[in-house]
2 protein chains.
Amino acid sequence: MSDSNRIAVTASLLGDPARANMLAALMDGRALTAKELAYAAHVTPQTASGHLGKLADGGLLAAEKQGRHRYYRLASPLIGQMLEGVMAVAGPESPRSTAWRGGEALRTARTCYDHLAGRLGVALADALSARGHVTLGTDGGEVTEQGARFLDGFGASPAPGRRVFCRPCLDWSERRPHLAGRVGAALACRCFALGWIARQRDTRAVAITTAGRQGFQQTFGFAIGD
Amino acid sequence: MSDSNRIAVTASLLGDPARANMLAALMDGRALTAKELAYAAHVTPQTASGHLGKLADGGLLAAEKQGRHRYYRLASPLIGQMLEGVMAVAGPESPRSTAWRGGEALRTARTCYDHLAGRLGVALADALSARGHVTLGTDGGEVTEQGARFLDGFGASPAPGRRVFCRPCLDWSERRPHLAGRVGAALACRCFALGWIARQRDTRAVAITTAGRQGFQQTFGFAIGD
DNA sequence: CGTTCACTTCGGCGCCGGCCGAAGCATGGT
DNA sequence: ACCATGCTTCGGCCGGCGCCGAAGTGAACG
């Protein structure tokens, strides 16, 4: 089988709306049951079962059985990255048709596998860059020395000691980069731990709490949230 | 239309073998005619015409008419990046079934949109890293000062003056990173210009010339090619 | 132990999309 | 002007795949 046939096989796994719905639901890094994924995909459990089997056989999902429950998660960060790449190309809807449910919340703040995206994610990247905590270029970026001290103090130290590079991830709703990689993941983890943001049921839109609005304003200098 | 339906629509464009073949053929950054793409995809011109229309309508290809010839190319580097991401997940064939035609040449050296991939691409990244010309981490890397001087001297200066970050791209055949981004593109461009590598007709496998074997050995310290 | 729930498998149906032959239009060459 | 070539469109065919009802297996609960 040629390499482009392998592309076709992998891509066709994403190319069904039900399966795409499932993968998107798993993009917040959590594991969900087959039943929850069936609900997310708007199909019956039997249909979902077939789809999940294909995704697992194709190496995109990892399955774990707990009693009668079957939990699925994305098989690796690489799958998350691939989905990000497809999303970046698929892009947002045209501004004229943004009336679909939940869209605004996703645009405000959401998880993108293990890091934050949407306006919140981009605002974090912008603030860190503007304050000289990270230096960002076209192909990448790096945490500065003062940035490392800042992140240490904030409780989001990405790695001890060594140089810490940043992986920009083109945000599909903002069309500008947010921070992926270890830095992005550490920031997200810390913000959840502080209670500034909270996961919601049935969506990977992330809620910004009152504490979060204050925290982002005082610590990073931007206003976000209702 | 929800974001995951947009994923499905975009992915399904890649999910057909004929279309995947065409996109793969265009991954070396060249523009090809509809006829050439039909040949690459092993379908008739009329079938190819329908597929190309879909890829162009979907924003994946850009079309340009020259007389009776219709040239298509990938619409943007972002498309190349997306395809890289799918290829990284699709991965190589299992070692037991590598007998397909042209596979070894692709693994040795090929273009990955605008930069070099395969063993050659990975060897370049390794050599630059080992010699201290670039520093590479998990999420990215940067050209060092001595590295910038080296690249200047080599004729592959990626950008004047400013800090130059590197974008690692997981090589699907080697499962380790080669260099994408501006640095990778500048290296590839220079190696073509030096005649160390040459494009081949009907494949994005890149031929390593005799001059190239000597040049890579003397300048970068690795042996590659027949 | 019986009931409920989660999940999987089977079988049948219908839709969709890729395929190509045929035909038509446009361009290039002699 | 005629012929060859590149490309597109149309129509029909067929295979593949997602869908769900029905049924079965296994786990959890009272």
Heavy atoms of chain A, cut-off under 4.0 Å: which first and last nucleotide of DNA chain D, 5' to 3', fall inside that, if you could look? D/dG18 to D/dA28
Could you spell out the base pairing of DNA chain D in dot-bracket, with Watson-Crick or G-U pairs whose two distances are under 3.5 Å, [ ] crossing and | to another strand? ||||||||||||||||||||||||||||||
Strictly by modelled atom types, are A/T108 and A/R119 linked by a side-chain donor-acceptor pair under 3.5 Å? yes
Give the rounded distance in Å between these two atoms: OH of A/Y72 and C1' of C/dT8. 9 Å
Of A/K65 and A/D16, the one whose closest nucleotide on DNA chain D sits nearer the 5' end is A/D16
CA sep, side-chain torsions, deciding dist, call: A/T138, B/R167, side-chain contact (heavy atoms from CB on, under 4.5 Å): CA-CA 9 Å; A/T138 304; B/R167 177 165 74 84; over 6 Å; no
Find the distance between CG (A/L187) and CG (A/L128) and round it off to the nearest 0.5 Å. 6.0 Å
Report the C-alpha separation of A/E36 and A/T33 in whole Å, then their side-chain angles, then the decisive distance to 0.1 Å, and conclude whether the side chain to side chain donor-acceptor pair (under 3.5 Å) test is met. CA-CA 5 Å; A/E36 287 168 321; A/T33 61; 3.1 Å; yes
Filter on ring pair (Phe, Tyr, Trp, His ring centres under 6.0 Å), then keep only pairs touching residues 182-214 of chain B, sequence neighbours left out; what's left? B/F154-B/W196, B/W196-B/F216
Close approaches to DNA chain D from residues 40-55 of chain B, in residue order (heavy atom, under 4.0 Å): B/P45, B/Q46, B/S49
Step-by-step side-chain contact (heavy atoms from CB on, under 4.5 Å) determination, A/R73 to A/L61: CA-CA 6 Å; A/R73 65 169 47 87; A/L61 296 188; over 6 Å; no
For DNA chain D, which residues of residues 27-39 of chain A approach it to below 4.0 angstrom with any heavy atom? none
Donor-acceptor pair, distance only, cut-off 3.5 Å: does the side chain of A/R175 make one with the backbone of A/A88? yes
Distance in Å, B/L32 CG paired with B/R70 CZ, rounded so as to fall on 0.5 Å steps: 14.5 Å
Pair B/S173-B/R110, side-chain donor/acceptor within less than 3.5 Å: yes
Shorter than 3.5 Å, N or O on both sides, protein versus nucleotides 28-30 of chain C: list them out with atom names.
none

Straight-line distance of A/R19 CZ to A/L37 CG, nearest 0.5 Å: 13.0 Å
